[in-house]
Amino acid sequence: MRAKVLVAVAAMVLEGTMPSIASADAWSTRPDFEVFYRVSNESYGLGNSNSDTVLVLRVKGGDGQQFWAAERRQTKKLVQKPELHRHVWIDGRECPALEAAFEQLTALPPITFGPPSSTDGVSMVFDGGETVLSGPGPGPRPGSSRFSTEGRSGRVVRVAEHMGPVTNWWFKVEPTLERCWRPSPKLRDGIVLKTRMGTDAHAKAQKP
């Protein structure tokens, strides 16, 4: 039996499939190492709808320096207006508003849950929408060991809500990014950003 186990382990090593500590720890991994923040907004009601996904990336420029960038795919339907389809990008070096928008996350109040007794005041939501945000946690506290829970800087936080601080934050910062979106992943210095949401199906898979 022991010989079989050793053979299996050796085969995994040779195939490069031996699980690492990082891949086994959900707190210290992200699905895509370049994607730090994911924002999704799905709204609906009275014939209107909006499906919006934004990925905020940390990429390397031609000079070797890292910078923030973003990719967005959106489908928006408004009554008596043409349907909006757009797939656009942001070069954060030309848009300080991108980093500034996500700096504001530190000012949001902590997310809290209501006790069982609060369910009496909860009603169904028929019209409205949902905003979902995922991103890195606050990082290790000063003096924390990387082996302790608070020392895991790779922690990922995900929040979904119909209305609240995250939704209000997105509705506030989204207009500040409007002038920054560009129709091509090819930036002015020749860098081409990776396209992760080439189709609606790809965008759905990238939602937080």
Which residues share a side-chain contact (heavy atoms from CB on, under 4.5 Å) with Ala97, sequence neighbours left out: Cys95, Thr176, Leu177
Donor-acceptor pair, distance only, cut-off 3.5 Å: does the side chain of [X] make one with the backbone of [Y]?
{"X": "Arg73", "Y": "Met197", "answer": "yes"}
{"X": "Arg182", "Y": "Asp91", "answer": "no"}
{"X": "Glu161", "Y": "Val166", "answer": "yes"}
{"X": "Glu71", "Y": "Arg196", "answer": "yes"}

Sequence neighbours excluded, which residues qualify as ring-ring contact (aromatic ring centres under 6.0 Å, His included) partners of [X]?
{"X": "Trp181", "answer": "none"}
{"X": "Phe67", "answer": "none"}
{"X": "Trp170", "answer": "none"}

Qualifying residue for side chain to side chain contact (heavy atoms under 4.5 Å, CB included) with Val39, from Leu55, Val54, Val132, Val56: Val54
Partner residues of Ser40 under the side chain to side chain donor-acceptor pair (under 3.5 Å) criterion, sequence neighbours left out: Lys207
Plane angle bin for Trp68 and Tyr37 - parallel if under 30°, tilted between 30 and 60°, otherwise perpendicular: tilted
Results of salt bridge (charged side-chain N to carboxylate O under 4.0 Å, His left out) for Glu178 - residues two or more places apart only: Arg86
